[in-house]
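Note that the structure is a prediction, hence the values are computed from the model and not measured. Just follow the structure's listing: the first ligand is 1, and inside any ligand the first atom is 1.
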Amino acid sequence: MRIDILTGLPSLLASPLNDSIVKRSQSKGIVEIVIHDLRDYSLQNQRSIDDYAYGGGAGMVMSPEPIARCFDSLMDEREYDELIYMTPDGTTLNQPMANHLSLKTNLAILCGHYKGIDERIRQHYITKEVSIGDYVLSGGEIAAAVLTDAIVRLVPGVLNDETSALTDSFQDDLLAPPVYTRPANFRDWEVPKILLSGNEGAIEKWREEKAIERTKERRPDLYDRIRGNEED
Ligand code: 6GU
C-alpha cells in the first residue's frame, strides 16, 4: 500500500509517522508513506499556497494551483483508489471506514489549513472527505496522521501478532476488556483470580463478559447496536 500526503506543513506530520507501528510498516516494506510539501508545487514568487477569500471575510483559502499540480503529478504515476480531503465537514472516521481503506492500494490524503481549500479542488479532484470527530483542529495534518495510523495498523503483516488488530476495541463493536500484567499483587490491588487460573475457556468467557459490561456502561449507543444486530 502507498499513501501520499499533501500538506503545507510537512514537519507536523514527520514525527507521528516515523515512529512505532507506522514506522515498522514502512521499514518492513509493506506500506510506503510519502509526504509532499505543497510549497514545492507553488508557482508564486514566495512559494505561497494560500490567498484572500473572494467575497471577503477573515481567513486565507488554500489556492487550487499547488494542490492540482501535486495531484496531477501523482496521478501521472499511478492510479489512486481515493483522493481524500481531511475536513471537519467530512464523514466521521470510524473502524469500518478504516477497515475499508486498509484494503486499498494507493491513497492520497490532502490536509487543509487556513479557512479551507478552494471549492473547485473538492469538486474536481477529491473523492472522499473525512473528519476525525466533532471538534475543530487548526489543520488537517494531525487528522491525517490519525487516519493513516488507523489504516496502516490494519494492513496484513504490519502487526506482529496477526490476531491483535481483530481483538481491538470496536472491531466487533465492543470495547476491549481490562488487561493486567505483573505483579499479580501491586500495592494490595489484586489481578482478578480467573486470569491466573490457566483455564483458557473461562478466561475467554470472562473477557467477553467484561467487554459487554464495559460497552453497556460507557457506550450505550454501541451496545444497543450490537443488541439490534443480534436480533436480526
Ligand atoms: Cl479532518 N480537520 C480539521 N481541521 N479539524 C477537524 C478534522 C479535520 N476532523 C475533526 N476536526
Quiz item: Rounded to the nearest 0.5 Å, how far apart are CG of Asp118 and NE2 of His124?
Solution: 9.5 Å

Exercise. Could you please provide the protein residues found below 4.0 Å of ligand 1 on a heavy-atom basis, arranged by chain and number?
Key: Met86, Thr87, Pro88, Val130, Ser131, Ile132, Gly133, Tyr135, Leu137, Gly139, Ala143

Quiz item: Using 4.0 Å as the upper bound for N to carboxylate O, is an ion pair formed by Glu217 and Arg214?
Solution: no

Quiz item: Between the side chains of Asp173 and Tyr223, does any donor sit under 3.5 Å from an acceptor?
Solution: no

Quiz prompt | Residues Arg2 and Asp81 bridged, charged N to O under 4.0 Å | solution = no

Quiz prompt | Pairwise salt bridge (charged side-chain N to carboxylate O under 4.0 Å, His left out) hits with a residue in residues 55-77, at least two apart | solution = none

Quiz item: Charged N to carboxylate O below 4.0 Å: is that the case for Glu82 and Lys128?
Solution: no

